[in-house]
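Only one structure is covered here, and it is reproduced in the block below.
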Number of protein chains: 2
Amino acid sequence: MTSQLQIILGRKVREHRLRLGVSQERLAEDLGFHRTYLGSIERGERNLSLASVEQLAARLGVPPLDLLQD
Amino acid sequence: MTSQLQIILGRKVREHRLRLGVSQERLAEDLGFHRTYLGSIERGERNLSLASVEQLAARLGVPPLDLLQD
DNA sequence: TTGTGACTTCTAGTCCGTG
DNA sequence: ACACGGACTAGAAGTCACA
């Protein structure tokens, strides 16, 4: 069951990363998780929990809701 | 690990239900899940996944993001 | 540099019963 | 009418080897 929110989240994270001009590998390391995990989030394959979204947003330094709306 | 988003979600769902003037039991049945599950969501005890939030919002007939912001 | 599949651990999600 | 505990199964969290 792949939701709309997780698609948006993925796109948002990718946009954020490209704006920074860094690789998945690099950003993942900075954020403190594995590169393939970040990759799968960007591809919208991961159905994150609210807590995980919040934590991810915090590490990215953006408000959680920014990751969930276009 | 209890996130801010799940607290907000709980409050929002409860407000929505009270606005309808129905019991947890009643609403849960209408939405198609168990009454104790709805109760724990309202209490902010549930760390829902994005797919679950979306599904819940759909059943309530509100936009998903409405459940995540004050 | 990123994608994919397999894999393990942990928790979300569902439901019972009781107060 | 609502809260809470336990128990159980599905799915999230996170890593790794290989392409």
Side-chain angles (χ1 to χ4, degrees):
Chain A
M1 205 271 177
T2 176
S3 74
Q4 206 49 39
L5 288 175
Q6 79 197 57
I7 306 278
I8 296 174
L9 176 83
R11 205 181 55 236
K12 286 303 204 164
V13 170
R14 178 160 292 181
E15 285 172 10
H16 185 84
R17 177 175 64 78
L18 295 179
R19 220 175 295 120
L20 294 177
V22 296
S23 67
Q24 287 181 355
E25 200 160 7
R26 173 62 189 282
L27 181 59
E29 188 165 9
D30 289 356
L31 298 182
F33 28 60
H34 202 271
R35 131 196 105 71
T36 59
Y37 184 52
L38 179 60
S40 58
I41 290 175
E42 289 190 1
R43 266 172 271 128
E45 293 168 8
R46 296 287 175 159
N47 180 22
L48 297 198
S49 71
L50 291 178
S52 297
V53 171
E54 193 163 300
Q55 205 170 8
L56 174 59
R59 298 199 208 181
L60 289 174
V62 300
L65 289 177
D66 279 18
L67 297 180
L68 299 175
Q69 52 198 339
D70 328 75
Chain B
M1 204 269 179
T2 178
S3 73
Q4 206 48 41
L5 289 174
Q6 78 196 59
I7 306 279
I8 295 175
L9 177 84
R11 206 181 55 236
K12 286 302 203 162
V13 171
R14 179 159 289 179
E15 284 171 11
H16 185 84
R17 178 174 64 81
L18 295 178
R19 220 175 294 121
L20 295 175
V22 296
S23 67
Q24 287 181 352
E25 203 156 8
R26 173 64 188 281
L27 181 59
E29 187 163 11
D30 289 356
L31 298 183
F33 30 61
H34 204 268
R35 104 200 116 73
T36 59
Y37 182 52
L38 180 59
S40 58
I41 290 176
E42 289 191 1
R43 270 173 267 127
E45 292 168 6
R46 295 288 172 161
N47 179 23
L48 298 200
S49 71
L50 292 178
S52 298
V53 170
E54 194 162 301
Q55 203 170 8
L56 175 60
R59 298 199 204 181
L60 289 174
V62 301
L65 289 178
D66 280 18
L67 297 179
L68 300 176
Q69 52 197 339
D70 327 75

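Letters A, B, ... mirror the listed sequences (proteins, then strands); counts begin at 1.
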Given side chain to side chain contact (heavy atoms under 4.5 Å, CB included), test T2(A) with N47(A) step by step and report yes or no. CA-CA 7 Å; T2(A) 176; N47(A) 180 22; over 6 Å; no

[X] [atom1] to [N] [atom2], straight-line distance once rounded to whole Å:
X      : N       : atom1 : atom2 : result
E42(B) : dC4(D)  : CD    : P     : 13 Å
N47(A) : dT11(C) : CG    : P     : 17 Å
Q55(A) : dA13(D) : CD    : C1'   : 10 Å
L38(B) : dC4(D)  : CG    : C1'   : 15 Å
E45(B) : dG6(D)  : CD    : C1'   : 14 Å
I41(B) : dC4(D)  : CD1   : C1'   : 16 Å
L56(A) : dA12(D) : CG    : C1'   : 14 Å

Assign each of S40(B) and R46(B) the nucleotide of DNA chain D bearing its closest heavy atom; nearer the 5' end lies the nucleotide of S40(B)

Suppose we call a contact any N or O donor and acceptor under 3.5 Å apart; does that hold for the side chain of [X] and the base of [N]?
X      : N      : result
T36(B) : dC2(D) : no
R35(A) : dG3(C) : yes
R43(A) : dG3(C) : no

Less than 4.0 angstrom between a side-chain N/O of [X] and OP1 or OP2 of [N], yes or no?
X      : N       : answer
H34(B) : dG13(C) : no
S49(B) : dG11(D) : no
Y37(A) : dT15(D) : no

Sorted by number, residues from residues 60-70 of chain B placing a heavy atom under 4.0 Å from DNA chain C are none

Quiz prompt | Cluster link V62(A) to I41(A), ILVMFWY, side chain under 4.5 Å | solution =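 Linked, V62(A) and I41(A) end up in one cluster.
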
* Asked: Rounded to the nearest 0.5 Å, how far apart are CZ of R46(A) and OG of S49(B)?
  ->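 Rounded to the nearest 0.5 Å, the CZ-OG separation comes to 13.0 Å.
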
- Message: I need the residues from residues 14-33 of chain B with at least one non-hydrogen atom less than 4.0 Å from DNA chain D; give them sorted by number, or say none.
- Response: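 Here the set is R14(B), R17(B), S23(B), Q24(B), E25(B).
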
For Q24(B) and R35(B), which heavy atoms make the closest approach, and how far apart are they?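 The answer is OE1-O, 4.4 Å.
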
Tightest non-hydrogen contact, residues D66(A) and K12(A), listed as O-CE, 3.4 Å

Would the distance check show the side chain of [X] and the main-chain N or O of [Y] forming a donor-acceptor pair, the cut-off being under 3.5 Å?
X      : Y      : result
R59(A) : L31(A) : yes
Q69(B) : L65(A) : no
R17(B) : V22(B) : yes

Is there a side-chain contact between I8(A) and L50(B), using heavy atoms and a 4.5 Å cut-off?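 A side-chain contact under 4.5 Å is absent here.
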
